[in-house]
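Okay, so here's the structure we're looking at.
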Amino acid sequence: MKTPISVGLENLLEDGIGLLRGARVGLVCNQASVDHRFQHAADLFHAHSDINLRALFGPQHGIRGDVQDNMIETEHAIDRLTQTPIYSLYSETREPTEEMLKGIDVLVFDMQDVGCRIYTFNYTMANCMRAAKQYGKKVIVCDRPNPIGGLGVSGNVLDPEYASFVGQFPLPTRYGMTVGELGKMFNEHFKIGCDLEVVPLSGWTRNLWLDETDAPWVLPSPNMPTVDTTVVFPATVHFEGTQLSEGRGTTRPFELVGAPYIVPEHYAEHLNNLGFPGVYFRSCAFQPTFQKHARVSCGGVQLHVTNREEFEPVIVGVAMVKAAFDMYRDHFLWKEPPYEYVYDRNPFDVIAGTNQLREAIERGDSLDSIAESWRSPLETFNLARERYLLYS
């Protein structure tokens, strides 16, 4: 039986409407900004007699999530249903400008995160918070569940030297926090310092994966179709920094990984022999319809997560990259820049938030030594994180 919860959007409209009454409101949203009846936040705000909705703001992939790839910008527009201006925050700017915020008093952020540092929506939130601080606006974050739960914390902590739009702060790859908790941490620990209010969830506890609740799920971006995708994403997102396919252009993005030169049986056998709990690597072939190796048959694996509680995605993803590098050195290539508006760094380093991981793979360091290098920064992060947790 699924655990019933209320998302922040519902709690704002039910109990927190006084936060919006009499204010000119801007809404940061996309297609996943829905309530339990799959009614969209923009439509709910537009129809509400106490809400003066003045503008919508869209993140990467657009306000309807129809723009497939990275670094494909969206234009400003007018929403066809509400006739409200839409400002793109994935265009010539990724932070609201003074002009965009001129007719707004309160900026509401309602976005579904995926629980991994390497995803732009949280940094759109941070950019909105900075702009709100600069121009004297209030920010309200409507909380939503972390789809991969609020307990698991793992991976390397980002080196601030490698900050980018897929990693602005020294967070680990998997941080085990909700978007509302992150907002509080960004505001206080990382000192954005805006006028921030988080509207919390009701009924959610840290041990719950999203599909163990009755929370609505709408794919938050085109290649994040299911909760299963979010489970493997902290592993296989690393392949975006290589010339291997991470499964974009297939029906199982981030669950399928491969390249034309990989012998799938050998690759799968090697990975399974590493003995990672909670996952089986099934040898397979697939043909992406777009992006890397489009219309070319790739050998590789599909990750089948057999026990989500035991599965440790980040070290698994690193092992998969390391195995491809070690086994196919004559063919393996890192991705060439640019990646997410970074033109002067190796894309794998941008994704990892450090150059040390790539260099460790190139040196042939053991997986144990790589994981050990993460331990002390993770301990420091966990101590800081505790102050901002809203749920038990």
Side-chain angles (χ1 to χ4, degrees), residues 5-12 15-16 18-20 25-29 33 41 57 59 89 95-96 106-153 157-158 160 163 165-208 210 215 220 377-392:
I5 71 166
S6 298
V7 297
L9 170 65
E10 294 163 327
N11 289 337
L12 175 66
D15 301 314
L19 295 169
L20 301 181
V25 176
L27 174 64
V28 188
C29 60
S33 307
F57 296 83
L89 298 181
E95 182 174 307
V106 177
L107 197 55
V108 178
F109 183 91
D110 182 31
M111 301 281 296
Q112 177 62 61
D113 181 34
V114 299
C116 180
R117 183 190 69 226
I118 307 149
Y119 205 65
T120 62
F121 293 172
N122 289 331
Y123 311 115
T124 294
M125 175 177 67
N127 289 349
C128 289
M129 291 165 63
R130 288 192 191 91
K133 168 69 173 176
Q134 183 174 358
Y135 302 119
K137 313 298 180 180
K138 184 179 181 67
V139 176
I140 297 174
V141 173
C142 296
D143 213 359
R144 288 183 179 268
N146 184 324
I148 56 177
L151 296 175
V153 178
V157 173
L158 177 137
F165 195 44
V166 289
Q168 286 187 6
F169 304 104
L171 305 176
T173 317
R174 182 181 180 185
Y175 42 73
M177 301 172 75
T178 67
V179 66
E181 292 171 333
L182 280 175
K184 286 173 63 66
M185 189 177 206
F186 292 173
N187 206 42
E188 298 172 33
H189 186 72
F190 297 120
K191 301 187 182 343
I192 292 178
C194 73
D195 180 5
L196 174 69
E197 180 110 19
V198 175
V199 181
L201 299 156
S202 302
W204 188 75
T205 52
R206 309 204 74 78
N207 62 304
L208 291 172
L210 187 140
L378 278 174
E379 289 173 355
T380 301
F381 171 80
N382 274 321
L383 284 174
R385 166 182 176 270
E386 284 295 322
R387 288 184 54 199
Y388 305 103
L389 302 184
L390 299 172
Y391 315 96
S392 58

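Atoms considered below: every heavy atom in the structure, side chains included; atoms not considered: hydrogens, waters and symmetry mates.
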Would you say the side chain of V157 lies within less than 4.5 Å of the side chain of L171, judging by non-hydrogen atoms? no

Residue pair I148, C116: steps toward the side chain to side chain contact (heavy atoms under 4.5 Å, CB included) verdict: CA-CA 9 Å; I148 56 177; C116 180; 5.6 Å; no

Before you tell me yes or no, could you show the steps for H189 and R385 under side chain to side chain contact (heavy atoms under 4.5 Å, CB included), namely the whole-Å CA-CA distance, both residues' side-chain angles and the distance that decides it to 0.1 Å? CA-CA 9 Å; H189 186 72; R385 166 182 176 270; over 6 Å; no

Measure the spacing between CE of M177 and CZ of F186 and express it to the nearest 0.5 Å. 8.0 Å

How about R174 and V153: do any of their side-chain heavy atoms sit closer than 4.5 Å? no

Output the distance between atom CG (D195) and atom NZ (K133), rounded to the nearest 0.5 Å. 9.5 Å

Which atom of F165 lies closest to which atom of Y123, heavy atoms considered: O-CD1, 3.2 Å

Can you confirm whether P220 sits close enough to F121 that some side-chain heavy atom of one is under 4.5 Å from a side-chain heavy atom of the other? yes

What pair of heavy atoms forms the shortest contact from P96 to F57, and how long is it? CB-CE2, 4.3 Å

Just so I know, are the side chains of V7 and D143 near enough to count as touching, which here means a heavy-atom distance under 4.5 Å? no

In Å, rounded to the nearest 0.5 Å, how long is the span from SG of C194 to NZ of K137? 13.0 Å

Within a 6.0 Å radius of atom NZ on K138, are there more than 12 heavy atoms belonging to other residues, nucleotides or ligands? yes

Test T178 against D113 for side chain to side chain donor-acceptor pair (under 3.5 Å), laying out the working first. CA-CA 8 Å; T178 67; D113 181 34; over 6 Å; no

Pairwise side-chain contact, I5 with P145, heavy-atom cut-off 4.5 Å (strictly under): yes

Side chain of Y391, backbone of L201: donor and acceptor closer than 3.5 Å? yes

How about L196 and V141: do any of their side-chain heavy atoms sit closer than 4.5 Å? yes

Going through the distances and angles, do V108 and V28 end up as a side chain to side chain contact (heavy atoms under 4.5 Å, CB included)? CA-CA 6 Å; V108 178; V28 188; over 6 Å; no

Check whether any side-chain N or O of N11 sits under 3.5 Å from a backbone N or O of V199 as a donor-acceptor pair, and report yes or no. no

What are the two closest heavy atoms between Q112 and Y119, and how far apart are they? O-CE2, 4.4 Å

Nearest heavy atoms of P59 and T124, plus distance in Å: CB-OG1, 4.3 Å

Can you see which heavy atom on R130 is nearest to which on I192, and at what distance? N-CG2, 3.8 Å

Among all residues two or more places apart in sequence or in another chain, which pass the salt bridge (charged side-chain N to carboxylate O under 4.0 Å, His left out) test with E379? R375

Mind checking the CD-CG spacing from E10 to L12? Nearest 0.5 Å is all I need. 11.0 Å

Could you pull out all residues at least two apart from D15 that satisfy salt bridge (charged side-chain N to carboxylate O under 4.0 Å, His left out)? none

Show the numbers, then the answer: is there a side chain to side chain donor-acceptor pair (under 3.5 Å) between Q168 and N127? CA-CA 10 Å; Q168 286 187 6; N127 289 349; 3.0 Å; yes

Is it true that a side-chain atom of N207 and a backbone atom of G150 form a donor plus acceptor pair closer than 3.5 Å? no

From L27 CG over to L20 CG, what is the distance, rounded to the nearest 0.5 angstrom? 9.5 Å

Would you give the length of the straight line joining atom CE of M185 to atom CG of N122, rounded to the nearest 0.5 angstrom? 12.0 Å

Please name the pair of heavy atoms, one in V179 and one in M111, separated by the smallest distance, quoted to 0.1 Å. CG1-O, 4.1 Å

I'd like to know if the side chain of N382 and the backbone of L378 have a donor-acceptor N/O pair within less than 3.5 Å. yes

Output yes when a side-chain donor or acceptor of E386 lies under 3.5 Å from a complementary backbone atom of L383, and no otherwise. no

Derivation and outcome, side chain to side chain contact (heavy atoms under 4.5 Å, CB included), residues L9 and S33: CA-CA 8 Å; L9 170 65; S33 307; 5.7 Å; no

Checking R206 side chain against L389 main chain: does a donor-acceptor pair fall under 3.5 Å? no

Please examine the side chains of N146 and Y175, heavy atoms only from C-beta on, and report whether any two atoms are closer than 4.5 Å. yes

Please step through salt bridge (Lys or Arg N to Asp or Glu O under 4.0 Å) for the pair R144 and D110, ending with a clear verdict. CA-CA 8 Å; R144 288 183 179 268; D110 182 31; 2.7 Å; yes

Taking the side chain as every heavy atom from C-beta outward, state whether L158 and R117 have any atom pair closer than 4.5 Å. yes

